[in-house]
Each structure stands twice: as C-alpha cells, then as structure tokens.
Amino acid sequence: MKIAFIGLGNMGGGMAANLVKAGHEVNAFDLSEAALGAAAEKGCETFTDAREAVAGVEAVVTMLPNGDIVRAVYTDTVIGNAPADAVLLDCSTIDVTSARDVIAAAEAAGHDMVDAPVSGGIAAAEAGTLTFMVGGSETAFMRAQPILQAMGKAVIHAGDAGNGQAAKICNNMLLAVHMIGTAEAFAMAQKLGLDPQTFYDISSVSSGQNWSMTSYCPVPGVGPKSPADNDYQGGFATALMLKDLKLAMEAAGTAHINPRIGALAKELYEAFDAAGNGTRDFSAIITEYS
Ligand code: NAD
C-alpha cells in the first residue's frame, strides 16, 4: 500500500520504519530536515512539500505534537490533496474536541478517518509493539486496522470518533494517580520503618497492588527493572505525562465532570515539571517524598 507519513519525530520515525518493513511504500514528510534524513535511511521516500507527499496515496498517517498542528495539517494539506478514498489515521495524542472536529471535516470531504493514539513509548514505536486505541466508524476502523497492526501489538476499537483520545487520557489520568499513590505509600512505609522490598512483598499480593507498583516500581532495586533503576532516565517523561493530564482536565471541563484526584495529580506533576524535572521519568515523583 502507498502510505503518506507526516511527523517523523521520536515516535513517528520508528512507526514509519515499521510500515516500510511490512512492505508498504512510505512517503515521508516532516518540517525537520534531520527527521527526513533519518526516514530516508529507513527506506521512506522523502518530500519537502506535504501536498506532494499525500498525492495519490491510499492512506495518510500523522504523528504530531498537538491538536492545533493536527488541525492545521489536515485542513491545509491532507484534506483536498489526498485522494478522497484515502483512509486517514491520526496517531498523535491531542484533545478530544480537535480529534472530533478534524474527523468531521475529513468525513465531509469523503474520507474515512480514525483517531488512534498510542500507549507505549519510543522503544515500543521502534519495536512495533504499540497499543492503539481507535475512535471512528466501523468502516474506518476496519480500513485502519491492518495499517496499525504493522506498527503495534494491540489495536482496540474504542467507539466513535474521538473515543481513542478519550480512552488514552482517562487511562493516563489513572496512571498518574496510582503512580503518585504508590510513591506516597512506599515513602511512608519506609519512614514508618518498613524495608521497601518487604513492603513490596506484602502490598504486591495485597489490595494495594497496581501496575505502578508491580510493573514500574518507582523505588530503585524493587520489582522488575524500571526507569527507577536507571536514575529515572528513559521511560515516560514527566513533561509528556503533564501534557496528557492537561488534556484530561480540558476534556473533564467539556464533559462537565470534576475529577478531583485527577486534578490534584495534574497540580503535583505541574509543580514537579516546573522544578526542572520535565525530562525525568514520571515515576521520579517519588523523590519529592524523600
Ligand atoms: P516529536 O516532537 O519527537 O515529533 C513530532 C514531529 O512532528 C517532529 O519531527 C516535528 O518536526 C514534526 N512536525 C511538527 N509540526 C509539523 C508540521 N506542521 N508538519 C510536519 N511535521 C511537523 O514528538 P513525539 O515524541 O514523536 O510525539 C508525537 C506524538 O506522540 C505526540 O502527540 C505525543 O504526545 C505522542 N506520544 C509520545 C510518546 C513518547 O514517548 N514520546 C508516547 C505516546 C504518545
């Protein structure tokens, strides 16, 4: 299949390479020359004009920083230049409203389109083991599914347009909450005289058990290997967690719900980020309690 890929950064670079590995012809476009150079090395055909990159393709995949850029790329470039029967897949993490607006505009121009944000970081993008949460019509999902399968290990239909983004931000809000809760429990257990490994042995088989504890423990040397064992480098950056929490709070406003613990998690990550911890893994928030 001939696929245009727009946004070849940390995530998109690996994803586009996996499409090439799966036998697709990939037309790559990015504003960054370095990103285009890397894409060429991975077997993509590179373009300096986005309109040329999307001309004549059967599908367009985008992996861009935010909702305003996604709106602009689809409005200015993709819609009107890609063939109307091309299926469109936006894999960026953006606000639910922008996702729904862009899909409505694409559908009005005759396209099938999905929002398909991912769970998994740069390593999963390179390894082709991302999880995609997909919003859109049944037809759009069926068309997008084989393309997404070439870049991930799980592709789940979350319902109508925008529901992929909704699933992503609700999941990450919950992740932030149980990471902070886990960090607080370990810090308090230690100050009360418990050895962290002993607390892990007890809590990991008791009702406090959760993913942040047993798959991604914020305490170095406890549980399976995690960014805590690498001085909180790699993994999921605090700045990206904060981005998702801001999107979650924005969506909460439009949905007229007040997720109080989620809002508190956003405040705590905002302060942690502002203190210079934006590039550290989000589990480093435990260091605030030492
Ligand atoms: P990135 O900044 O590394 O890459 C974004 C790319 O988009 C850059 O190469 C940039 O030059 C390009 N770009 C920006 N504006 C453009 C435009 N108008 N036209 C063409 N290209 C343009 O970001 P990333 O880490 O790859 O993240 C991409 C998306 O994936 C974001 O929405 C992010 O929230 C999401 N995400 C990232 C991770 C992660 O671990 N990095 C994990 C899950 C989801």
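Atoms within a ligand are numbered from 1 in the order they appear, just like the ligands themselves. All values below come from the heavy atoms of this structure, side chains included, with hydrogens, waters and symmetry mates left out. Predicted model only: the values in this text are computed from it and were never measured.
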Next on the checklist: Any nitrogen or oxygen of Asn10 lying under 3.5 Å from a nitrogen or oxygen in ligand 1? Just yes or no.
Outcome noted: yes
Checklist entry - Of the protein's non-hydrogen atoms, which lies at the shortest distance from atom 31 (C) of ligand 1, and what is that distance? => result Leu64 O, 3.3 Å
Item to check | N or O pair under 3.5 Å between Asn66 and ligand 1 | outcome: no
Item to check | Nearest protein heavy atom with distance in Å, relative to atom 9 (O) of ligand 1 | outcome: Asp30 OD2, 2.7 Å
Item to check | Sidechain-backbone polar pair: Asn163 side chain, Ala158 backbone, donor-acceptor under 3.5 Å | outcome: yes
Checklist entry - Shortest non-hydrogen contact from Ala28 to Leu8? => result CB-CD1, 3.5 Å
Next on the checklist: Tell me whether Gly120 reaches ligand 1 (any heavy atom closer than 4.0 angstrom to a ligand atom).
Outcome noted: yes
Checklist entry - Who are the salt bridge (charged side-chain N to carboxylate O under 4.0 Å, His left out) partners of Arg280, not counting sequence neighbours? => result none
Next on the checklist: I need the contact type for Ile94 against ligand 1. Using non-hydrogen atoms and a strict under-4.0 Å cut-off, is it side chain, backbone, both or neither?
Outcome noted: neither
Next on the checklist: Lys168 versus ligand 1: do any nitrogen or oxygen atoms come within less than 3.5 Å of each other?
Outcome noted: no
Checklist entry - What do you think, any protein heavy atom under 4.0 angstrom from atom 23 (O) of ligand 1? => result no
Checklist entry - Has the side chain of Asp281 got a donor or acceptor atom that lies under 3.5 Å from a matching backbone atom of Phe236? => result yes
Item to check | Location of contacts on Leu240 toward ligand 1, heavy atoms closer than 4.0 Å | outcome: side chain
Next on the checklist: Would Glu33 count as a contact residue for ligand 1, given that I'm defining contact as a non-hydrogen atom of the residue lying under 4.0 Å from a ligand atom?
Outcome noted: no
Checklist entry - Looking only at heavy atoms, is any part of Cys91 under 4.0 Å from ligand 1, and if so is it the side chain, the backbone, or both, or is it neither? => result neither
Checklist entry - Could you walk me through whether Gln209 and Thr214 pass the side chain to side chain donor-acceptor pair (under 3.5 Å) check? => result CA-CA 7 Å; Gln209 186 276 337; Thr214 52; 3.0 Å; yes
Item to check | Structural part of Met241 in contact with ligand 1, heavy atom criterion under 4.0 angstrom | outcome: neither
Checklist entry - Got an N/O contact under 3.5 Å between Ile69 and ligand 1? => result no
Checklist entry - Under the 3.5 angstrom rule, does the side chain of Asp30 hit a backbone N or O of Ala35 as a donor-acceptor pair? => result no
Checklist entry - If hydrogens are left out, which of Pro65, Ala72, Gly121 has an atom nearest to atom 14 (C) of ligand 1, that is, the closest non-hydrogen atom? => result Pro65
Checklist entry - Any luck finding a side-chain donor-acceptor pair between Tyr74 and Thr62 under 3.5 Å? => result yes
Next on the checklist: Which residue and atom name correspond to the protein heavy atom nearest atom 4 (O) of ligand 1, and how close is it?
Outcome noted: Gly9 CA, 3.3 Å
Next on the checklist: Quick check on the 6.0 Å ring-centre criterion: do Phe141 and Phe132 meet it?
Outcome noted: no
Checklist entry - So, Thr77 versus Arg51: side-chain donor-acceptor pair below 3.5 Å or not? => result no
Checklist entry - Looking at Phe186 versus Phe199, is the centre-to-centre ring distance below 6.0 Å? => result yes
